[in-house]
Every structure is written in C-alpha cells, then in structure tokens.
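Handing you this structure, nothing more for now.
What's counted below: heavy atoms across the whole structure, side chains too, no hydrogens, waters or symmetry copies. Quantities reported herein were computed from a predicted structural model and do not represent experimental measurements.
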Amino acid sequence: MMECSVRYAITFHHSSSPRFLKAIIFFQVQHSFLSSTQPRPSFHWFALFFIKKTLFILEPRKIMAEAVISNIVGTITNGLAPLIQQRIELACGVEEQLEKLQNTLSTINSVLHAAEEEHDKNEEVRVWLGKLKEAVYDADDVIDEYQTDNVQRQVLVYRSLIKKVRNFFSLSNPILFRFQLGQKLKQIREFIDEIAKDRSNFHFTVQSARVDKVVPIKREQTGSYVSSEVIGREDDKEALIKLLLSSNEKENVTIIPIVGMGGLGKTTLAQLVFNDDRVASHFGYRKIWMFVSGDFDVRQILQRIAEKLDHGNHGHLDFDLLQNIVKQQMSTGKYLLVLDDVWNEDKVKWLRLKDLLMNGARGSKVLVTTRGKKIASMMATDTRYVYNLSGLPYDKCMDLFLSWAFDRIQDRPQNLVEIGKDIVSKCGGLPLAVRTLGCFLNRKGEDEDEWLSVKNSEIWELVQKENDVLPVLRLTYDQMPQYLKPCFAFCSLFPKDNSIDKETLIHMWMAQGFLQSSDGIPLEKIGHRYVNELLSMSLLEDELKYPDDEARHCKMHDLIHDLARLVAGTECSIITAHPKIPGKKLRHASVFGSGLPENSSLKVKDSISEFLCNAKKLRTLYYHLLVEQNKTVINLLANLKYLRILILTESEFDGLPSSIGSLLHLRYLDISKNYHIRRLPHSICKLQNLQKLKLYACVQLEELPKDTWKIGTLRHLEITSKQKFLPKKGIECLTSLRSLSIHKCYRLSTLVRGMQHLIALQKLCLTDCPNLTSLGFSLNYLISLESLEIRNCSGLDLSGRQEKKEEDCLEGRRSFPSLLNIVGRNYKKEQIEDAGKKEEGHQGLQKLRSLTFVQLPKLLELPCELENAASSLQYLSISNCDKLSSLPDWLPQCIALKRLEIKQCKMFPSPPGSQRGSCTIISPSQDELKELIPKPRNKEETFKEANTTELYELTEERSNLDEF
C-alpha cells in the first residue's frame, strides 16, 4: 500500500493586530511503497484553516466551449504549460502524454484561424473542424479530471496532518487511477495526431500569432442616396437636422454619432438627413459621404476627402502633403462629413483624423453611424451629442411591413394582414427585420400556409440574402473579439424576452471557463467587462429595475437571440417537447416550462429526461421545469458525468442523491426554491471544483453539511436553512467567497464569529432573518466588501453593544437612550472613538459602494464602522427603520455619493418639501448632506426635549385609555 509521508515545518507570528495569528506552513509530499507511519501532529483547527487557505486558492481553469474551436485549442494549449511544470505526482506516462498533446495542439493552432474562415465554404473543412472539436473536448475533460485529482490529493495531504485517512473520496487506488488516466490521454492524443495530419490536405496558411482584430465582413456600400419614402423616422430626422443646423457651438467642428444595433436604420436615417435640401443649402453643398466599415485607414480617408472636395486625384501624394491639402480645403468653409459604419476603437487613429477635421470653419459637422456605444462616446464632441436610435413603434413597423409585403394597397387580404400583425410583433421594432420579412412574403404571394410558416418559424430558418437581416446582424458577431464569441452564443440558452440576471450569466460563463483573466484580475470583474462589451455592441440591452440606477438585469433582442442560436449551432439548445438536434452534439441545454405545452404531462417530461440522459457530453443543464420525482434526478446525475453547470430550480424532489459527489467537473449548482428538500448529501463536499452553490428559499433544509469547509473553491453562496447556528468550521473557512447571501433563515440567531476571515468577500446580503440579533463580528474586518444589504431583520442590533436596561428604569427618561444617540454629540463621538480603538489596525469597508437597510426596527444610528466607507459610498438607501432619527456627522464626507434615499423612517426629520420621514437626493452636494445632520445641542436642551417627549407619550396613552 502506498503511503503519504509528510515533512513539515510550521512557524507562527503575530500581525499588528492581536486578533490575527498568521501561520506559514512549509511541507513536502513524497509517495513511497514502503510501509511507513504517517505523522499525526495535534493541530488546532485554525492551523488547518491556514493550510487550506494556502493550498486551495487555485485559479479556475479557463476552457472554452463554442463553435470557434481555436478558443478551445488555444486555451488548453496555454493551460498545459503550467500543469506540466508543476510535475505533481506525474506518473504512468501522463507527463509525456501532456507534453505531446501540447506540441500537437500548438501545431494545429497555427492554422486554425485560416480553417475557420473556410468553415462556411468548404464541407470537408467543416467536418475536419467538427472531429477536432470533439477530440479537444474529450482532452479537456480528461485534463480537468486530472487537475481535480491533484486538488483532492492535496486535501488528503493536509487532512492527514490531523488524522490518518487512507480512503478519501473515491481515490482508494491512485496508481490504477493514474494509469487509466494516462491511457485515456494517450488515446485522445493519438486521435488528435491523426486529425492533425489531415490539415495538410487543405493547404491552410500558417499564422504565427492570433490577434483579435476588428475586421467585419464587407457589406455592399449603399452610397448616399436613399428614397425619401422612409416610414417612421420623421422625428429622428428633424432632431438630427436641428443639431446639424445649430451654430452656437464652442468648437468649430461638432461630431454627432448615431448609435444603435444593426438593422435599426442608422445609415438610412443619415442618408435622409444628408439629402435634405435644408442641409444642402446650409453647408453650401460641401457635403462628403464616406463608407468606412472596418478599414479605418487615416490616409485613405484623407485622400477620399480631398478628392471629394476638389475632384482631383491625390493617390500619389505622400501623407504630409495630403494632410496640408485637407487642412487648406476644410478651412475655406463649413462642411458636413458623414462617416458611415465605423468600427474603429483605436483612439490614437481617431485622434489623428480628428485633429485634421477640426480645421473646418465654425459650424462644420461630422455625422457618424456606428453600432458601438464605446465608439460613439469616444468620437462625440460631448455625450449630449450621442444620438441613440431606438426601434420603430409597432404602428410604424406595420406600415413598413405592409408596404413591402404588398405591391398595392388594395391587394391586402385581411387574413394575411392579421397574420402579418403577429409577424411584425416578432421583429421588436427593427426596421431591417420588418423589411426582410415583408419582402420575403411578397415573393410568396397570397399563400396563407407560407405566411403561417413564417409566423411559426425562427427567422434563421428562412433563406437569407446578403443584405437581409441575419447576414447584416452577423457582421457584429464576425467582428467580435474571439473571447466574446462563446459568451454571446451561450446567451441562446435563455428564452426570448427573458430577463437575464447579469451575475448569474457571469457566474455561468465562469463555470464554463469562458472568462480569461490576466494580471490577477478577479474573474467576476472580467465577466462584468465582457457584459459591458456586449452592451456597447448593442447585443445586450440594459434593464433598469433598481433605484440605484444600476442595471442588474439585461435582455437580448429577439433577432439578436436568433443570431445567437444560429452561431451556437448544435452545441446550445433550448429543449422542447420534440428536440430536433442530435444529443451527441449537445453541450449546453436548457428546459423551460414556457417552451412546452401548458400542463405538460409526465410523459412529456419523461421524454425530455430520456433525451437529456442520452446527451452524455452535456456541460450545462439549466432545468427550469418542475421536477417531482427523485428518480429523474438520479437518472440525470448517473448519465451526465461532465456537467459544469446544474440548475434544478423550483422543483419538488425530496433530496439530492449521493451520486452528486461523482460530478467532479461541477462548478455551478443551483437547487433554489425547492420547498421539499430537507438534507444535502455529505458527498456534496467532494465537489472540489464548485464555485457557486445556490440554496435560496429551500425553507425545509435543516442544515448545511458539516464539512462544507472542504469546498475551498466556493466563491458564491446563497443559503436558506432552519439552523439556529451555522456550523462551526463552515462558512468562515471558505476564504475564496466573493458573495454570501443568507435568506429566510427564520431561526438563525447570529452569524459565526470566524467570518472576519472572509477578507475576499465583496457582497453580503441578509434577508428575512427575524431572530438574528447580532452579526457576531465587526464589519471592519471585511476589507473587500463592496455591497451590504440587510432587509427584514427585526431583531438585529447593529450598534455592536446591548442596551443597558437599567437606564430605562428611571421615571420620565424612558426615551432618553435613543435621544442621546440622536442629539448627544459628545456621547456619539466617544462611542466612535471607543470603537475605533477596539478595531485599530483594521481598515475595512473602504471599498463599500452600495448600502441598503430595510425594515430594521432596532436601527438607532448607522454602525460606526461605516465611517470608513465615506469616500467610496455611492448608493445609500434606508427604509422602514422607525427608530432612525438622524444620519451620522461624517455623511458630508461622502463625496462619491450618487443617490441617497430615506423612506418611511418615522423619526427622521425630512427636509422642507419632502414627505415626512422620507427624502431622495440625486448626486447630493456637501451642503445638501450637511442639512441632514442635526445641529449640536447642550445637555439642558437634551433633557428638556426628553422630558417633553415623555410627557407627550404619557398624554397620548392616557387619551387612548379614556377613549377605550
């Protein structure tokens, strides 16, 4: 039997704070075939905590899964190098196989970009890429399994420091396991080698490096002419003409971008404005129309401008001479320049051109059309000149549709018009889609079946021409950076018109390895960056639902969703009652009740479950459909061994099977809103890759597993349970946690004191915990906290001290303690100073941006620790806190505050003109904040007011008794 011998050295030292005891553990692991006795030192549990912290903070692997195979190959290749360098227990030829695989993938990667460009043109290339993709996915799974094995063995090592453990997890025979793993890797590598040899048949061009470059597919240049009979853009046209004709600008040249998603009609609108007689007269016919697209070559643009203005040929001129000519031409009078379809994000290029354009006479204008909000913001003279083009109203869309679908007004059969209404509603106000479908149906004549087919079909299933909607919209996808493509395609798993929670989307991307981090930037921040990029490209749309104006949800236009489904191909699918795609090709699947017939029978559900069980390579299962039988869950877990994401929300099965522990690849587990589940199997603690665990509103859940601390990779946790106390050595040991949400824990009385170790925690949310009396730790320890939200915790005392009941016994001073907190300035300062001394050395809450307190009846004043957040706080909301009567004197220091809300706080003195107990101030000034701070009062005034208040309350009580 192979034993694990450990040589260790441990040193302890104190930090500046006596509360922190740091441990540095040095150890070396050696396997031998000798029969030796493992050392069993007696450690306190916190030593284990620090060992765990040292070993477990591992960056999740970044493996992609999407139609663009170069993303998968490139990421695996880059990930193999550090894995080989680690040389942790590489045995049975695994190291050799990993090195060979790395060499093969590096060779293939050099020609993949050229192969992908041939994907849609050459069937043989398409088949070759398909085979390669399947093999690379298999390699990804084996490598992931290998890394998981390494992590589990590290757990075995530091658990053995406490007690001897031989059969940990399922790894009772590590030699056999590694041998089998090496054989799998060898087979896959040999298969990839065979595929790689076939690349010579296609004569691909070798590229030494892959660079994400904005190179959209060229579309036909329409020129500057457009028919004047354009429907629905009259108001937009007039608004833009007004901007172009205005002459009271500070700068000589004003740049006005029109921004919006593909197909909205930006170019058409610009053409309408360009050809208007008023515009032509105003600029003296010094108008230049230029189609730019992806080729933002400053020299070529200048050459075309010069030739447009003087009708000469300037192709032979050097750059300096060309610049001088353009400067001279533009300075002779005001001009209008239209730069159509701009994709350039390179600010240096834009500034080079802008410097020359600014030589125009006062009143000159540059009109830009672009799909990128970032580009529009970069180019605009001022943000107020960015013209965001929206979709057409339904009635205008209907008029446009009818004009394209029928040649004459009298030839409009009522039955087809009624079908057309439903078709137009699919288009979401997108003129290009309306025109495309209208033109398509015009060719079909008056065949009602054809019209109904269009009504019931997805638009990508229709025959498309070069300038129809999806080829045009696909320009946005084709020019997208490679790292964004799998993220965009993955969005096709959400139903149309579905509100998508941004954090959920980001965490799902992270679980699939779509997020590429560098320089130690947290993956969550990379995810937010990706979301913002998709928003700037108009591929996602913000939904503003929250009072802090922070859009936490987004949506995808229906036609953009069609595009996402198109590019995702057979890898991503929303499963219906009769799935059309082969299960073997499926990697990401979602099931929603909205996509099935109403009151779907058990037979339909069983059929879907059977289909999913046959999709054995599935990596994502988003099952948003009622699961009532434990058998269904057992079958799914038994067959889907490669799941990275498992979502089983709003179900009614009694419990998870212990086989959940065999899903070694699982990163994301969500069983929220299951009102029947009572226990979680202990095997869930074996999920050493788990990043998110969501147990929201599982109101019958009795407790969390005691060994939850073992899931060292856990970054996001949402829990509901019936526990009075959270388990010791539980949450406080999860030092990788970024967010913690505790909901509907009706019996919970306090949080664990060890939570001060969660120094990576960025979001803390406590909701509906009525018996929670204290946090059990100081907020000052949470040095990374960005968002704090506490709602409906009626027993929570945030003062950090228990009120002395003896002070309430004196006659006539029943309300004195609260009044001291409100107006006793000396008392408050002393309290803050005392707290500061206690927390000396801790600089928490300096990153806090959002603070929300709701329904906290014991909140007398804001916790003193929050003063550290004065410079960072952006959003402050307090509502239904009846005893809060004032805000702290450090409030005017909140220079970053964007919104302050006080709602229904009875004792709060509202500013003039506001409802009692309420006020809302947007971007408050220091003077406005100072007005909310009560002025100091002397002791005599304080006691006088206390007695007056007491007398008033006694009078009210006597009056009520008399009435009774």
Side-chain angles (χ1 to χ4, degrees), residues 373 484 487-488 490-491 493-511 514-515 522-557 560-561 622 624 645 647 649-650 668 670 672-673 691-697 715-720 737-744 761-768 784-792 847-854 869 872-879 896-901 903 920 922-923:
K373 294 179 182 178
L484 275 184
C487 299
F488 172 72
F490 191 83
C491 293
L493 287 181
F494 296 90
K496 286 186 176 180
D497 201 34
N498 187 70
S499 182
I500 305 172
D501 181 82
K502 288 183 181 179
E503 283 196 353
T504 296
L505 181 61
I506 290 168
H507 296 163
M508 292 175 80
W509 287 345
M510 187 168 67
F514 294 163
L515 305 183
L523 293 177
E524 290 81 0
K525 289 193 175 182
I526 298 293
H528 280 287
R529 183 185 300 171
Y530 286 11
V531 168
N532 289 334
E533 286 191 57
L534 291 175
L535 286 168
S536 72
M537 298 168 70
S538 300
L539 294 175
L540 291 176
E541 303 170 5
D542 263 332
E543 275 193 318
L544 294 175
K545 289 186 175 181
Y546 290 84
D548 58 356
D549 291 329
E550 180 185 351
R552 303 181 194 179
H553 293 78
C554 57
K555 293 182 71 173
M556 182 175 272
H557 190 284
I560 297 296
H561 189 277
Y622 190 171
H624 199 276
I645 297 174
I647 301 177
T649 58
E650 299 185 28
Y668 187 119
D670 180 1
S672 296
K673 298 183 180 180
Q691 297 169 358
K692 181 164 185 173
L693 177 59
K694 196 169 181 180
L695 307 170
Y696 170 74
R715 299 165 75 98
H716 305 281
L717 176 61
E718 295 185 32
I719 57 174
T720 298
L737 273 187
R738 262 63 175 178
S739 68
L740 173 62
S741 298
I742 300 177
H743 305 278
K744 300 180 185 295
L761 194 68
Q762 296 173 346
K763 179 180 179 181
L764 176 61
C765 180
L766 307 173
T767 305
D768 295 319
S784 300
L785 198 66
E786 297 179 1
S787 175
L788 175 61
E789 186 174 337
I790 305 179
R791 297 175 179 267
N792 304 329
K847 296 181 180 180
L848 191 68
R849 295 184 294 107
S850 178
L851 175 65
T852 303
F853 289 156
V854 179
S872 61
L873 199 61
Q874 298 179 14
Y875 172 66
L876 174 59
S877 176
I878 306 174
S879 59
L897 200 60
K898 296 179 180 179
R899 188 180 185 97
L900 170 66
E901 285 186 342
K903 294 182 179 179
T920 300
I922 309 296
S923 300

* Asked: With a 3.5 Å cut-off and no angle check, do the side chains of H716 and E503 form a donor-acceptor pair?
  -> no

* Please assess E901 against Y875 for the test side chain to side chain contact (heavy atoms under 4.5 Å, CB included), listing each intermediate value before the final yes or no. => CA-CA 8 Å; E901 285 186 342; Y875 172 66; 3.5 Å; yes

* **Test salt bridge (Lys or Arg N to Asp or Glu O under 4.0 Å) applied to K555 - qualifying residues, sequence neighbours left out** => D497

* Just jot down the ring pair (Phe, Tyr, Trp, His ring centres under 6.0 Å) partners of F853, sequence neighbours excluded, or say none. => none

* Working to the nearest 0.5 Å, report the span between CD1 of I742 and OG1 of T720. => 9.5 Å

* To the nearest 0.5 angstrom, please state how far the NZ atom of K763 sits from the CZ atom of R738. => 15.0 Å

* Asked: Taking atom CD1 of I506 and atom CG of L523, what is their separation to the nearest 0.5 Å?
  -> 11.0 Å

* State, to 0.1 Å, how close L540 and L535 come at their nearest heavy-atom pair, and which atoms those are. => O-CD2, 3.3 Å

* Out of curiosity, L851 CG to I878 CD1, how far, rounded to the nearest 0.5 Å? -> 6.5 Å

* Asked: What is the minimum heavy-atom distance between H553 and K502, and which atoms define it?
  -> O-CE, 4.0 Å

* Structure fact -> Smallest heavy-atom separation, Y530 atom then F514 atom, equals CE2-O, 3.6 Å

* Structure fact -> In this structure, NE2 of H507 is separated from CG of L505 (nearest 0.5 Å) by 10.0 Å

